[in-house]
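Read the structure below first, then the notes.
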Amino acid sequence: MTDSSPRSSAPADETAATKQGIKIVGFLCNWCSYGGADTAGVCRFKQPTDLRVVRIPCTGRMDPLFIAKSLIYGVDGVLVSGCHPRDCHYAVGNFYARRRMEAFKAFLPFMGIDTQRFKYTWVSASEGQQWQKVVTEFSEQIHRLGPNPGVRLRSGDNSKVSSGLR
Amino acid sequence: MKRVAYYKGCSLEGLAAEYDRSTRMVCEAFGIELVEIPDWNCCGSTPAHSYDPLLSAALAGRNLAIAADNGCDMVMSPCPGCLKSLKGAQETCEDPAQRKAFVDLVGRDVDGLKTVSLLQLLYEEVGPQALQKAVRRPLTGHVLVPYYGCLLTRPAEKAKFDDPENPISMDRLIEATGATVPRDFPYKTECCGATYGVTRNDFVGKLSGRILDMSQGLGAEAIVVACPLCQQNLDMRQDQINKYSKSAFHLPVPYISQVIGLALGIEPKVLGLDKLCVPADILLEDRSGEDGQARQPGGVAAG
Amino acid sequence: MRIGVFVCNCGTNIAGTVDTAKVASEALAFADVVYATNYMYTCSEPGQQEIQRAIGEYGLQGVVVAACSPRMHEPTFRRAVEKAGLNKYMFEMANIREHVSWIGNDREANTRKAVDLVRMAVGKLRFNQPLFSSKMPVNKRLLVIGGGVAGIQAALDCADGGVDVVMVERKQYIGGKMAQLDKTFPTIDCSSCILGPKMVDVSQKENITLYAASEIESISGYIGNFTVEIRKKTTYVNWDACTGCGACMEKCPAKKAEDYFNEGLGTARAINIPFPQAIPKKAVIDAQFCRQLNGKKCGVCAKICPVKAIDFEMKDTIVTEKVGAIIAATGYDLFDHSVYGEYGAGRLPDVITGIQYERILSASGPYGGHIRRPSDGKEPTEIVFISCVGSRDQSVGRPYCSGVCCMYIAKQAILTRDHLPESNSYVFYMDIRAPGKNYDEFVRRAQEEYGVQYIRGRVGKIYQRGDRMVVQGADTLLGVQVEVEADLVVLATGVESSSGAGELAEKLRISYDQYGFYMESHPKLRPVETNTAGVYLAGACQGPKDIPSSVAQGSAAASKVQSLFAHDMIETNPQVALVNERNCIACGKCIQVCPFGAIQWKELRGGIKKAEVLPSVCQGCGVCNATCPPKAVQLQHATDNQILAEVNELCA
Amino acid sequence: MERTNTLSIQQSRDSDFIREVEEASGQNLSKCYQCGNCMASCVYTFAYDYPVTQIMRLIQLGQKDTVLKSSAIWLCANCQACTTRCPNNIDVAQVMETLRIMSRKEHTVSLPDIQAFYDEFLRSVKTFGRVFETGLLPVYNMRAKKPFTDLDLAPRLLMKGKLTFFPAMVKQRKKIAEIFEVIKRDRFSKEGKARPEPLSSQPDI
């Protein structure tokens, strides 16, 4: 999958990765999965520390480009999690999300990104144990894949990311 | 014609020869081709498993491997004990940690095979409806109790057949022969004493004794079984049980294949009915005239 | 922007596995951060004062607090910064407790992660804009879903306070499970004597509108302004006319209808009023058993009815009610014990459930309060009770304790002895859970004064042997297998969520756990609120509960509603979508996808069309934002720039 | 096995034993909350020195000796009633089987006659590839010193033609024997024991 992507910076990344750990960004809906992650914390369910959570109101808010940009700019894995289908706080947001992410997944290989670096799942606010399982498994998966060679830009270009999607 | 590898197991070659014979007859009658696994060996049973699970898996697995080499995708064993070993071999083969050791011993993997009991084969591949249509000599008026034994449906996750507490497959098949099955026989899956016939005779006296007692209490004329060990305990040891519990049971214990065979009109002798220790002649009584006329219109005229 | 960062130690909760001082010192190096510190308990009053002091002293324009989950204390800190003169949306939280310190012990990795999370929060804060709420009127009417004791309590409390209440009950009568009970523990007072007057109150209060035999069709809107569609189910009886005289019941020739109220122990007529004290006391025709409705010639009830209330042509109708708050009090169901093959899977007629036994004990029950067994009507002498049937049992997917069974078994055993002094009762139990006031004393009394034989162990099998059943169990205290010959076996079936709980939760947009119980906002501190503002919980819909707790929660939910209704206006949530008209290409996609119809067309001068968000209707999900091709719609406080800023900080 | 009425929890606890049983059986034994359902369901409880529920408890407390020397583990017929009804989804029968295997390895089999029967059975399999029922019984009787076991059955079985006097033999008997050898060698090497375990006092299978 990643054959066509530039690998020249890989060795440097690897040292960085060993020092910094793997970086995984999680986009979690406020109502279910963020709550589920909180529940896991409250129950002291141990998890790998690689995940950094961005709280979004609903997975329906997920623009696939958030995932693309994250992976392009050097995150090693992206995990999106929301309410179970039919249990969305906004009734149908996660249905939109599911359709978009399914379609988006098919594009990852064309961007030179291993599809295994992206995962979406549904975890409710009560499922602390499920959240622990999801995080642990996904983190292990990303660790197996190693740092993201991706289509990472030179570090100097990173400042341009925040200019929005347009 | 359905082609099924046949693992008969040691009992069916010795004390349970009539189970083997009737099984073959019944399968033939329904167009199921039984291919006896060539040069099969003992599954190892409980002794092998309690010595080393891998020994049990390898002994049982060798038979599955031969079946697979012969192009079969389904293996049937009439003995639930053997079936447990066969399923155990498959489990070992599917376990990534043991797969290599298993394949080294047996020579190949055995994942793809479906392993079933005779009861499951008859229930799923033939079914009560087809059986009912094929009945030539209905057992109408006979009260038969189905005794499944402990291993046939348990544990549910492994047996993957019928209900672990109250199985009904044999009930339905017996009913299809025209016989009557008492409602909710409570000891359907309670252990009969297993291999303790030899080492702890009193266990069988106690456990098989209560099965006989309950069956008799429910008005049964016979207990129908699907396991050679259960049959031995209930039938061959019935005198020992009578001595132990100071009782006078006289209940025939035919195999399900014999009961079905009788209903299909196969000669009792061919089915080995005479090999049972407690004679089962009572099953040959034709009671279809008593209330069977309404249920089997034309049956008498045709006969 | 001048940003201040406050890292909370949370005692040792965070500082135990995160170097908070290091997090603060690293934060100080981030662009725009002019002040950073760590503090023992940031949420405490001095902690909040410290934030307010720093805002004044350092001229802070934005604040980041790295502490617990924002679901916990975001409102607290927003209020704190607002008091110091900042807009409350110029504030961000980094969750370094639930998401960091509590899930790992590696101090170095945790500290690194905490620093990342603070940097992400700072990154987002740079793009924050002050947001301002507007005010909305509150419709001071309450919807109570479910007419059991919890719902009744909530409805009466609110009605007493002058609130208009709409109560919707799925069954044809209110009172719920409590109406079926004979007596209640630990006082053995008569259930219908204490519930009955409350039920009557519901029917007599002028400001309570009761819809029985009705279900929620749909719910739209938001706190202060919900619109609810209620489906009034076909009863084939015009309730406005029906006087509850019962003449139809007496004459109805279809006598084999299912008697739901008596849990199937007797039979009912096809047209039925389930019990004499039923509220509302109105007849309903069970279409499954009615002769007329099944194409046979009958219509006896229509002929006999003195007020001509029977209407075989009746259809469901939908009514719409507008309310400002909702209390869900949908109660519970009992576990279906037919999955227990070893207990006869429901086929043994004399193995019954606890609630069936309540009906047997009840003077208004199918046997007139005489204890008999269902199979042959004989008076039992040996009665076995089995606890934890569908409770604390992983193998049937019910690992939780139902909380009430130990007590109701003790009560039933005591009542059995009262009814049949010559009988013997045996209770198979695993543990006795009696933590309420006077509860354990009650269980002791069952043993000490009433001679109930408690046997510590589960039951492996129940089977018929002759006239009796054999209960084969264990006495683990002795380490022996035991057998009890029983005439009657009562299974203490556990509590499970009400059927249809999930579907209703989806309509209410509240969460439920894997067992179907509704999730409270916080297990300790917000036990009756849900995560959907304006929706509250009462009773066993939230988890197994006994009567005292259900009543208490009903009152608690009512007080929440009344404190909401103490305001004429409520603040709206300004975290809504906003259209940048210059970028809008009028494709209309946002209008298509909005689940709430919150976006409409707006015509500018010259007939140019643009999308426009109605802030009062928008719920802030952001589906439009993700859909908009030119990104002209932006969800305030979660804009593309804000979300990407967090990602960007993570990659930096 | 003699019961003791006092127990020093720390001194008698063998944590390795708990771990080994859990690993070998694949069961989490701390899930057991001593409800007694296995004891209630087991039809052999009447014969056990320790009912199943107490066996489970003894494992939880790391009482290796008591467990591996108990007769209960050898009287269990593996009928699966306990496994089927365990509310915590513990495969209790598998745990009992694990204990049997361990007790063989540790040479603590409490019921030598049952082991002798099993050994005779395996010897028959190893020799012929199949079990020779008619041959098995007399040898067992001799070894177990119970010469008259089932002698009462013989006349009738003879009459019914059910006793065979020649063992049915598998052609590839070598292959079967080889399986036995490999297993024995691996057990031996895995445990690193100085001697291959004897099978009761009899010649090895």
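So you know, we letter chains A, B, ... as the sequences are listed, proteins then strands, and number each from 1.
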What part of [X] gets closer than 4.5 Å to chain D, counting heavy atoms only: side chain, backbone, both or neither?
X	answer
B/R154	both
B/A17	neither
B/L207	side chain
B/N201	side chain
B/D274	backbone
B/Q232	side chain
B/A156	neither

Practice task
Could you check which of D/A93, D/S41, D/A81 has the highest count of heavy-atom pairs closer than 4.5 Å to chain B?
Solution key: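 Winner by heavy-atom pair count: D/A81.
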
Handout entry: Choice from D/T83, D/D152, D/T98, D/V170 maximising heavy atom contacts with chain B below 4.5 Å
Key =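 The option with the most such pairs is D/V170.
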
Problem - Donor-acceptor contact below 3.5 Å, side chain B/Y196 vs main chain D/L75 - result: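 Looks like yes, one N/O pair under 3.5 Å.
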
Quick check on [X] against chain B: is it the side chain, the backbone, both or neither that has a heavy atom closer than 4.5 Å?
X	answer
D/C82	neither
D/L157	side chain
D/I179	both
D/Y44	side chain
D/R130	both

Report the distance from atom [atom1] of [X] to atom [atom2] of [Y], rounding to the nearest 0.5 Å.
X	Y	atom1	atom2	result
B/E165	D/R85	CD	CZ	4.0 Å
B/T199	D/D113	OG1	CG	6.5 Å
B/K84	D/Q80	NZ	CD	5.5 Å
D/L122	B/S45	CG	OG	9.0 Å
B/S50	D/M96	OG	CE	12.5 Å
D/F121	B/T46	CZ	OG1	7.5 Å

Exercise for the section: Would you please test B/N41 and D/Q172 for side chain to side chain donor-acceptor pair (under 3.5 Å) and show each step? Expected result: CA-CA 9 Å; B/N41 62 275; D/Q172 292 188 331; over 6 Å; no

Handout entry: D/R156 side chain reached by B/D239 side chain, heavy atoms, under 4.5 Å
Key =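 The answer is yes, as the side chains (C-beta and beyond) meet within the 4.5 Å cut-off.
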
Handout entry: Pairwise side-chain contact, B/L54 with D/V182, heavy-atom cut-off 4.5 Å (strictly under)
Key =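 Answer no - side chains too far apart.
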
Exercise for the section: Over 60° means perpendicular and under 30° means parallel, so classify the ring planes of B/F203 and D/F46, tilted if in between. Expected result: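 Because their plane-to-plane angle is over 60°, the rings of D/F46 and B/F203 count as perpendicular.
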
Handout entry: Ion pair D/D91/B/K158, N-O distance below 4.0 Å
Key =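 Salt bridge: yes.
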
